[in-house]
Visitor: 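Following this message is one structure expressed as structure tokens.
Just so you know, these numbers come straight off a predicted model, no measurement behind them.
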Amino acid sequence: MASIVLKRTQQKVSDTRFVAVQVTKSTCADTVYNAIKAGYRLLDGAGDYGNEKEAGEGVRRAIADGLVKREDLCDSRLWNTFHARDHVKQATKMQLGLWGIDYFDLFLIHFPIALKYVDPSHRYPPEWFGDDGKVYTQNTPMHETWGAMEELVDEKLVKNIGLSNCQGSLILDVLRYAKYEPQVLQVELHPYLSQEALVKLCKTFSIAVTAYSSFGPQSYVELGIDRDTPSLLQHDVTSAVAKTHGKSAAQVLLRWATQRGIAVIPKSNNFSRLSENLDCNSFDLSESELAALSALNINLRLNDPADIDSRLAIFA
């Protein structure tokens with residue numbers, strides 16, 4: 001049974017019909033509904049986004065209108081403050097309640113970082129900081145958190161479990177004791193951060209890879225943390241490839257990933273861009289074009305918790 005579930009989940013991941021739901025509360029329900037209407041089938045949610053209730057409204061509306069079946073959707077993630085065994089189940093049940101569903105198809109550990117527990121009745125999402133603006137870590141090992149994630153599967157609260165923002169050494173550690181192996185790894189991945197060795201490792205162990213921030217610095221401009229890096233959407237290499245194929249630069253960047261067997265989760269509130277992003281598999285890049293885009297790699301990591309606190313340098 002576990003292998004059947006795994007195969008189905010990896011098929012869904014490789015199908016690339018993902019959309020991130022890290023969007024504003026006011027537009028989230030409509031964005032989710034429109035994404036499902038456009039053809040997306042696996043939603044990338046997280047407690048840290050603070051819009052689970054609204055995302056759930058969009059899902060329920062789409063199901064009621066017959067656009068999709070419940071079993072086609074959706075995933076979420078466990079936040080850092082809920083890594084202790086007792087808190088994993090508590091947080092998961094709360095998140096399911098916000099979504100208005102009885103199970104997650106896929107549930108990921110958001111970061112391999114354990115922070116001090118914050119009672120959801122006090123503050124939710126708890127974010128990175130305590131009430132005084134300081135970061136408080138907690139001594140909860142990944143072994144404990146992963147075991148609690150496996151219990152979610154046994155209790156049918158979650159069908160599949162996985163990791164996010166993890167490097168190879170930690171993945172290998174989890175594989176040593178896992179009863180249920182990670183089915184998915186979600187990481188920052190774009191031509192400025194190609195992660196080729198990590199992708200190869202995951203393929204070796206049949207772990208599907210999902211890329212976030214596929215447009216590189218573009219996702220971080222509004223946050224002011226794009227590190228003044230030239231836009232991949234306007235880069236000469238991307239533009240030249242886009243012109244050759246008569247496609248947008250965004251489609252080229254997404255195809256660079258999907259053609260390598262990597263799923264993508266582009267974020268947009270715009271329906272036409274949602275549809276355009278979904279059409280990224282209607283053409284193939286040549287080997288030289290793939291290589292040219294990969295050659296842009298400068299190991300530029302834009303989402304790094306070490307920027308918050310040096311004790312959180314998980315990519316060091």
Side-chain angles (χ1 to χ4, degrees), residues 8-23 27-45 55 58-59 61-63 65-69 72-75 105-106 184 186-192 194 199 208-219 221 231-294 296:
R8 177 174 173 272
T9 299
Q10 290 187 332
Q11 286 175 337
K12 290 172 75 174
V13 171
S14 62
D15 191 29
T16 74
R17 295 182 296 169
F18 274 74
V19 63
V21 292
Q22 190 180 5
V23 294
T27 61
C28 185
D30 288 339
T31 296
V32 168
Y33 181 88
N34 289 330
I36 294 171
K37 186 175 181 179
Y40 290 91
R41 287 298 177 265
L42 192 53
L43 308 174
D44 175 60
V59 167
R61 193 195 316 167
I63 292 174
D65 288 353
L67 298 181
V68 70
K69 296 179 180 179
D72 292 330
L73 307 165
C74 51
D75 84 309
D105 187 75
L106 176 64
V184 175
Q186 185 178 125
V187 291
E188 178 183 348
L189 193 150
H190 43 77
Y192 284 155
S194 59
V199 170
V209 177
T210 302
Y212 69 79
S213 299
S214 294
F215 304 143
Q218 185 64 34
S219 304
V221 172
S231 171
L232 278 170
L233 292 172
Q234 298 172 9
H235 197 284
D236 290 346
V237 173
T238 312
S239 299
V241 175
K243 183 177 180 180
T244 297
H245 293 274
K247 299 292 182 179
S248 70
Q251 287 174 315
V252 167
L253 292 173
L254 295 175
R255 188 57 178 145
W256 170 81
T258 62
Q259 198 166 324
R260 298 163 61 206
I262 299 166
V264 290
I265 45 174
K267 178 188 73 173
S268 178
N269 286 319
N270 183 286
F271 185 75
S272 63
R273 285 199 294 270
L274 282 171
S275 299
E276 179 183 281
N277 290 339
L278 192 62
D279 189 42
C280 69
N281 288 339
S282 62
F283 65 104
D284 289 331
L285 303 177
S286 68
E287 289 299 321
S288 61
E289 289 170 333
L290 288 170
L293 288 164
S294 295
L296 298 179

Visitor: Looking at every non-hydrogen atom in both residues, tell me the closest pair between Ala62 and Ile36 and how far apart they are.
Guide: CB-CD1, 3.7 Å
Visitor: Between the main-chain N or O of Leu274 and the side-chain N or O of Tyr40, is there a donor-acceptor pair closer than 3.5 Å?
Guide: yes
Visitor: Testing the basics here: between Leu253 and Pro191, what is the closest heavy-atom pair and its distance to 0.1 Å?
Guide: CD2-CG, 3.8 Å
Visitor: By the salt bridge (charged side-chain N to carboxylate O under 4.0 Å, His left out) test, which pairs, at least two apart or in different chains, include something from residues 282-292?
Guide: Arg255-Asp284
Visitor: Would you give the length of the straight line joining atom CG of Asp105 to atom CZ of Arg41, rounded to the nearest 0.5 angstrom?
Guide: 13.5 Å
Visitor: Who passes salt bridge (charged side-chain N to carboxylate O under 4.0 Å, His left out) against Asp65, sequence neighbours left out?
Guide: none
Visitor: Taking the side chain as everything from C-beta on, heavy atoms only, tell me whether Tyr192 gets closer than 4.5 Å to Pro217.
Guide: yes
Visitor: Take Gln259 and Asn281 through the test side chain to side chain donor-acceptor pair (under 3.5 Å) and record every step on the way to the result.
Guide: CA-CA 8 Å; Gln259 198 166 324; Asn281 288 339; over 6 Å; no
Visitor: Could you check if a side-chain atom of Leu189 sits within less than 4.5 angstrom of a side-chain atom of Ser214, using non-hydrogen atoms only?
Guide: no
Visitor: Sequence neighbours excluded, which residues qualify as side-chain hydrogen bond (donor to acceptor under 3.5 Å, both in side chains) partners of Ser248?
Guide: Gln251, Glu276
Visitor: Do any pairs count as a salt bridge (charged side-chain N to carboxylate O under 4.0 Å, His left out) and have a residue in residues 244-253, sequence neighbours left out, and if so which ones?
Guide: Lys247-Asp279
Visitor: Which donor-acceptor pairs under 3.5 Å do side chains of residues 236-243 form with protein atoms, sequence neighbours excluded?
Guide:
residue, atom, partner, partner atom, Å
Thr238, OG1, Leu232, O, 2.9
Ser239, OG, His235, O, 2.9

Visitor: May I have all residue pairs that pass ring-ring contact (aromatic ring centres under 6.0 Å, His included) and include part of residues 246-267, sequence neighbours excluded?
Guide: none
Visitor: Of all the heavy-atom pairs spanning Ser219 and Ser213, show the shortest one and how long it is.
Guide: OG-CA, 3.9 Å
Visitor: Is there side-chain contact between Val252 and His245, with heavy atoms separated by less than 4.5 Å?
Guide: no
Visitor: Could you pull out the closest heavy-atom pair between Cys280 and Thr258, with the gap in Å?
Guide: SG-CG2, 4.2 Å
Visitor: Heavy atoms only: give me the nearest Pro266-Asn277 pair and the separation to one decimal.
Guide: CB-ND2, 3.6 Å
Visitor: When you measure from the side chain of Arg61 to the backbone N and O of Tyr33, does any donor-acceptor pair fall under 3.5 Å?
Guide: no
Visitor: Hey, are the side chains of Val264 and Thr210 touching, using non-hydrogen atoms and a 4.5 Å cut-off?
Guide: no
Visitor: Test of understanding: with salt bridge (charged side-chain N to carboxylate O under 4.0 Å, His left out), list the residues that count as partners of Lys37, not counting sequence neighbours.
Guide: none
Visitor: In chain order, what residues pass the salt bridge (charged side-chain N to carboxylate O under 4.0 Å, His left out) check against Arg273, with sequence neighbours excluded?
Guide: none
